[in-house]
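Scroll down for the structure; my scribbles are underneath it.
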Amino acid sequence: ANKDVLRRTMEIFVSDPTVDWAKQAKKRAKEGQKVQWIASSTMQALEEKLAGVHPSEVMRRELEKNQCADTSKAAKDKRSGLNAIVLGRKGAVRRELLEQSESNGYILDAKQQVDVLVEQAMD
């Protein structure tokens with residue numbers, strides 16, 4: 001029930017995007033990409049989070065969508081560094097849970113999600 005309320009509230013932003021999303025779309029405009037794409041992308045991430053997908057996996061997917069086509073070594077190094085931050089250090093709860101949950105589509109239970117989110121917030 002609460003998930004449905006959140007979904008309906010967020011769907012408003014898809015049809016009537018916020019000023020921030022509009023600015024972001026203009027700033028990162030790619031051919032064919034519109035404000036609604038950003039809103040839809042945000043809704044997709046919300047749906048994944050509500051479905052229990054590992055927060056680091058959701059963040060990794062979001063980063064992949066938002067990466068530019070720059071293939072320079074500096075850009076690749078930057079992407080690699082961001083991935084390392086998202087995954088966490090060796091032995092991090094989020095890294096271990098990511099590896100454990102790979103076989104089930106990266107789905108975590110509520111306690112595992114909280115553990116990951118707390119660790120990310122403290123990092």
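Below, all heavy atoms of this structure are taken into account, side chains as well, without hydrogens, waters or symmetry copies.
Judged by distance alone, the side chain of S101 and the main-chain N or O of L108 form no donor-acceptor pair under 3.5 Å. Distance alone, capped at 3.5 Å, places no donor-acceptor pair between the H54 side chain and the Q113 backbone. Using a distance-only test at 3.5 Å, with no hydrogens or angles considered, a donor-acceptor pair links the side chain of R94 to the main chain of V86. Here the side chain of E119 pairs a donor or acceptor atom with the backbone of V93 at under 3.5 angstrom.
Closest heavy-atom contact between R95 and A84: NH2-O, 4.4 Å.
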- [ ] Test side-chain contact (heavy atoms from CB on, under 4.5 Å) on R8 and V5 and set out the steps.
- [x] CA-CA 5 Å; R8 283 193 301 271; V5 171; 3.7 Å; yes

Task: Worked verdict on D123 versus R89 for side-chain contact (heavy atoms from CB on, under 4.5 Å) - done: CA-CA 10 Å; D123 232 1; R89 68 195 176 290; 4.0 Å; yes

TODO: Begin from the C-alpha positions of R61 and Y106 and carry the test side-chain contact (heavy atoms from CB on, under 4.5 Å) through to its verdict.
DONE: CA-CA 12 Å; R61 292 174 188 175; Y106 302 104; 3.9 Å; yes

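Expressed to the nearest 0.5 Å, how far CG of L50 lies from CG of D4 amounts to 9.5 Å. For the atom pair CD1 of I107 and CD of E102, the computed distance is 13.0 Å after rounding to the nearest 0.5 Å. Note that the CG atom of L87 and the CE atom of M59 stand 10.5 Å from one another [nearest 0.5 Å]. Interatomic distance, CG of L63 versus NZ of K78, reported as 10.0 Å (0.5 Å rounding). How far OG of S80 is from NZ of K73: 9.0 Å, rounded to the nearest 0.5 Å. Put simply, CD on E96 and CD on Q112 are 11.5 Å apart, with the number rounded to the nearest 0.5 Å.
Applying side-chain contact (heavy atoms from CB on, under 4.5 Å) to Q100 and the options L98, L97, N104 leaves one that passes, L97.
Cluster partners of V114 are V118, M122, counting Ile, Leu, Val, Met, Phe, Trp and Tyr whose side-chain heavy atoms approach within less than 4.5 Å, directly or via other members.
Classification of E57 and R60 as a salt-bridged pair holds, one side-chain N sitting under 4.0 Å from a carboxylate O.
Residue pairs that meet the salt bridge (Lys or Arg N to Asp or Glu O under 4.0 Å) test with at least one member in residues 107-118, sequence neighbours left out, are K111-D115.
Put simply, the side chain of Q120 reaches to within 4.5 Å of the side chain of P55, judged on heavy atoms.
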